[in-house]
Amino acid sequence: MRALIFSVVLCFVLPVSVLAQSWHEPARGSLERSQIMNALRPVIEWRLGAPVEFVVYELRSTGEQAFASLAPQRPGGARIDIREAPIVRYWGDDASYYEEVGGIDVIAFLIREGDQWSVVDQSIGATDVWFASEPYCAVFSQLLFDYCPLN
């Protein structure tokens with residue numbers, strides 16, 4: 001009986017633990033981390049203005065896919081004035097949304113093609129877990145297993 005219970009528990013725990021170990025956090029100063037940040041930087045600078053550096057909340061990589069949760073800032077830790085950012089000045093986004101509700105945190109998904117990382121989707125100031133659904137849960141399942149509902 002104990003063997004049966006152990007087998008049943010193992011069936012549920014093993015898949016989650018295998019998925020949990022299928023990604024890593026690229027180490028600070030590593031080539032991979034630098035490549036991911038450098039791929040994302042121009043996309044975010046296009047919307048928030050240059051220069052931008054990131055405080056990393058969460059960075060997950062399988063080596064071929066990456067998920068990033070970041071706080072953009074000016075070099076040295078200076079705050080980005082959203083009222084002066086292109087996303088507000090030129091594109092007409094409402095600065096009060098970013099100041100009062102969403103902030104300017106970044107969520108991004110990247111894929112690696114050869115030796116280059118490319119941003120496939122990103123958001124600034126999201127107030128929900130917009131990526132915890134399809135197609136993200138299917139395409140980035142190794143990175144998002146703990147965000148997505150079990151099927």
Side-chain angles (χ1 to χ4, degrees), residues 9-75 77-113 116-151:
V9 169
L10 194 59
C11 286
F12 289 103
V13 173
L14 184 60
V16 172
S17 64
V18 168
L19 283 174
Q21 296 175 14
S22 64
W23 60 268
H24 63 278
E25 179 175 350
R28 227 179 166 168
S30 70
L31 178 61
E32 182 181 25
R33 188 178 182 116
S34 176
Q35 289 173 332
I36 291 169
M37 295 299 114
N38 289 339
L40 186 55
R41 187 169 288 107
V43 174
I44 302 306
E45 287 179 341
W46 175 255
R47 299 181 75 193
L48 296 181
V52 168
E53 63 183 27
F54 300 107
V55 173
V56 176
Y57 294 138
E58 189 170 18
L59 183 60
R60 299 177 176 190
S61 174
T62 65
E64 300 301 317
Q65 298 177 330
F67 165 75
S69 175
L70 313 163
Q73 63 183 20
R74 297 291 180 228
R79 184 178 132 313
I80 293 173
D81 183 353
I82 193 64
R83 291 165 297 175
E84 297 299 318
I87 197 171
V88 171
R89 292 186 73 199
Y90 306 120
W91 299 352
D93 278 16
D94 183 3
S96 65
Y97 167 80
Y98 297 100
E99 293 172 331
E100 299 168 13
V101 180
I104 59 170
D105 288 348
V106 171
I107 298 290
F109 292 90
L110 301 91
I111 57 170
R112 185 173 160 200
E113 298 170 329
Q116 297 290 316
W117 285 92
S118 300
V119 177
V120 293
D121 207 353
Q122 54 79 33
S123 69
I124 297 175
T127 58
D128 61 356
V129 187
W130 57 267
F131 53 85
S133 62
E134 299 305 332
Y136 304 96
C137 289
V139 176
F140 295 94
S141 61
Q142 293 179 0
L143 299 170
L144 299 178
F145 73 93
D146 54 343
Y147 285 99
C148 296
L150 296 175
N151 294 328

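Hydrogens, waters and symmetry mates play no part in the numbers below; they use all other heavy atoms, side chains included.
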Derivation of the side chain to side chain contact (heavy atoms under 4.5 Å, CB included) call for Ile111 and Glu64
CA-CA 6 Å; Ile111 57 170; Glu64 300 301 317; over 6 Å; no
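If you take CD1 on Ile124 and CZ on Arg47, they are separated by 4.0 Å, rounding to the nearest 0.5 Å. Taken from CD1 in Ile36 to CG in Leu110, the straight-line distance is 6.5 Å, to the nearest 0.5 Å. Residue Cys137 holds its SG atom at 8.5 Å from CZ of Phe131, rounded to the nearest 0.5 Å. Rounding to the nearest 0.5 angstrom, the gap separating the CZ atom in Phe54 from the CD atom in Gln73 is 10.0 Å. Of the inter-residue distances, the one linking Ile87 atom CD1 with Tyr97 atom OH reads 9.5 Å to the nearest 0.5 angstrom. Interatomic distance, SG of Cys148 versus CZ of Phe140, reported as 11.0 Å (0.5 Å rounding).
In terms of heavy-atom proximity, His24 sits nearest to Gly63 at CE1-N, 4.1 Å. Heavy atoms only, all atoms of each residue included: Leu143 and Asp146 are closest at O-OD1, 4.2 Å. Annotation for Ser118 and Glu113: closest pair OG-OE1, 3.8 Å, computed over non-hydrogen atoms. Contact record, Glu25 with Arg33: OE2-NH1, 3.5 Å, taken as the closest heavy-atom pair. A pairwise comparison of heavy atoms in Gly49 and Pro86 identifies N-CD, 3.4 Å as the closest pair. Minimum heavy-atom separation, Pro72 to Ile44: CB-CG2, 4.4 Å.
At a cut-off of 3.5 Å, with distance as the only test, no side-chain donor of Arg112 or Gln35 sits close to an acceptor on the other residue.
Not one N or O on the side chain of Tyr98 forms a donor-acceptor pair closer than 3.5 Å with the backbone of Asp93.
Applying the salt bridge (Lys or Arg N to Asp or Glu O under 4.0 Å) test to every pair with at least one member in residues 79-92, sequence neighbours left out, gives these pairs: Asp81-Arg83, Arg83-Glu99, Glu84-Arg89.
Applying the side chain to side chain contact (heavy atoms under 4.5 Å, CB included) criterion to Glu58, with sequence neighbours excluded, gives Arg60, Phe67, Ser69, Tyr147. Under the side chain to side chain contact (heavy atoms under 4.5 Å, CB included) criterion, Trp46 pairs with Trp91, sequence neighbours left out.
The closest side-chain heavy-atom distance from Gln65 to Val139 is below 4.5 Å. In this structure, Val56 and Arg28 have side chains that are not in contact, with every pair of non-hydrogen atoms separated by 4.5 Å or more.
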